[in-house]
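It should be emphasised that the depicted structure is a prediction, and the values quoted were computed from it without experimental measurement.
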Amino acid sequence: MLALKNDLVAHAASSRNESVDALKRLRAATQALHHQLDAQLPLARIDARRSDYLAHLCVLQPWLAALAPFMQRIGWGDGYARLAADDLALAGEPVPAAWTPAWPASSAAPGFVWGVAYVVEGSQLGGQTLYRRLQGALAPLPLNFLRGHGDATGSHWRRFLAALDEALDSHTAIDAACDGAVWAFTTLIDNYKRKGLVG
């Protein structure tokens, strides 16, 4: 009985360590890409204008719309493409043409979708920062996409992290999640490059 208890304690400790390791690994895997995007994104500049926001939406909306069916498998990352499309419509801008992802072979691995969702859900934290800074400067645009979950953004993110911790229960799953997160950032940056928004 004592041996069984010790095994259960060891397994629980190992699971906790893997959960912590998952978030650390995801952050480490995407850190350079995240910084590259933050440093070059026109919307992040102090003098960001209406045109920067609309150009931002024109890249994000088709990217998010293409990823949404994939992320529905885990129940996260949904609704953001619609918010972006709504903001474009309110500004009198057409919804961009669809983007078709070239899914890598690794996208079939358990955990890959969680890495993609990590990037999509994590972007909502940055959106809140931009919303607070730009809501006055870009009025009367409602910036619904940046506002996202509003005051509930923090609690939404914590719920996502709890689900992520539960899902990424092995080193193999964590590796797949890192692949998914890197792929998500890379495809997003490539789409910005095609629009001439980043170098």
Side-chain angles (χ1 to χ4, degrees), residues 21-68 70-71 76-77 80-81 83-85 87-88 91 93 96-97 99 101-102 104 106-107 112-139 141-150 153-154 156-158 160-161 164 174-175 177-199:
D21 185 48
L23 191 54
K24 284 184 177 179
R25 289 273 312 282
L26 283 163
R27 286 175 174 162
T30 58
Q31 184 175 24
L33 292 166
H34 197 170
H35 286 168
Q36 177 188 349
L37 194 56
D38 282 352
Q40 297 185 25
L41 201 60
L43 191 64
R45 293 193 306 245
I46 195 69
D47 60 344
R49 297 169 296 179
R50 180 181 189 273
S51 58
D52 295 321
Y53 182 57
L54 297 178
H56 180 72
L57 294 179
C58 283
V59 171
L60 275 176
Q61 195 282 329
W63 183 78
L64 289 166
L67 299 184
F70 182 66
M71 290 187 295
W76 291 90
Y80 302 131
L83 285 175
D87 273 1
L88 285 167
E93 298 290 328
W99 173 67
S106 57
S107 65
F112 188 97
V113 66
W114 284 98
V116 174
Y118 166 79
V119 175
V120 172
E121 292 291 351
S123 70
Q124 293 299 300
L125 300 175
Q128 282 295 293
T129 301
L130 289 172
Y131 176 73
R132 287 191 292 270
R133 182 162 61 79
L134 297 173
Q135 61 177 323
L138 299 189
L141 287 177
L143 309 185
N144 290 321
F145 175 76
L146 294 182
R147 186 170 60 215
H149 299 284
T153 299
H156 180 86
W157 175 244
R158 288 188 293 274
F160 172 74
L161 289 182
L164 181 82
I174 294 170
D175 289 344
C178 289
D179 288 345
V182 168
W183 178 86
F185 262 116
T186 301
T187 57
L188 180 57
I189 290 170
D190 286 347
N191 284 349
Y192 277 118
K193 285 180 177 178
R194 278 193 283 273
K195 291 287 187 179
L197 297 179
V198 300

Point-to-point distance, once rounded to the nearest 0.5 Å, from OH of Y118 to CZ of F160:
9.0 Å

Measure the CD-OH distance between Q40 and Y192 for me, rounded to the nearest 0.5 Å.
11.5 Å

E121 and L161, any side-chain heavy atoms less than 4.5 Å apart
no

Does any N or O in the side chain of R45 come within less than 3.5 Å of the main-chain N or O of D52, such that one atom is a donor and the other an acceptor?
no

More than 12 heavy atoms from other groups under 6.0 Å of CZ on R194:
yes

For the CD atom of Q124 and the CG atom of L146, what is their distance to the nearest 0.5 Å?
8.5 Å

Separation between CG (L138) and OH (Y131), nearest 0.5 Å, reads 11.0 Å

Minimum heavy-atom separation for P104 to W183, with atom names?
CD-NE1, 3.4 Å

Nearest-0.5 Å distance, CG of residue L37 to OG of residue S123:
10.0 Å

Minimum heavy-atom separation for K195 to V59, with atom names?
CG-CG2, 3.5 Å

Could you check if a side-chain atom of L143 sits within less than 4.5 angstrom of a side-chain atom of R147, using non-hydrogen atoms only?
no

Worked verdict on L134 versus L43 for side chain to side chain contact (heavy atoms under 4.5 Å, CB included):
CA-CA 9 Å; L134 297 173; L43 191 64; 3.8 Å; yes

Classify the ring geometry between H34 and F185 as parallel (under 30°), tilted (30 to 60°) or perpendicular (over 60°).
tilted

For V119 versus A181, what's the shortest heavy-atom pair and its separation?
CG2-O, 3.5 Å

Can you check whether W99 reaches Q61 side chain to side chain, under 4.5 Å on heavy atoms?
no

Do the ring planes of F112 and F70 sit parallel (below 30°), tilted (30 to 60°) or perpendicular (above 60°)?
perpendicular

So, for A48 and P42, which heavy atoms are closest and what is the spacing to 0.1 Å?
CB-O, 3.8 Å

Quick check on the 6.0 Å ring-centre criterion: do Y80 and H149 meet it?
yes

Shortest non-hydrogen separation from L64 to V120 and the atoms involved:
CD2-CG1, 3.8 Å

Quick one: are L164 and L26 in side-chain contact, heavy atoms under 4.5 Å?
yes

When you measure from the side chain of D87 to the backbone N and O of A84, does any donor-acceptor pair fall under 3.5 Å?
no

When rounded to the nearest 0.5 angstrom, what distance separates CH2 in W157 from CG in L125?
5.5 Å

Heavy-atom closest contact (L54 atom, L88 atom, distance):
O-CD2, 4.0 Å

Taking atom CZ of R133 as the centre, does the number of heavy atoms from other residues, nucleotides or ligands within less than 6.0 Å exceed 12?
yes

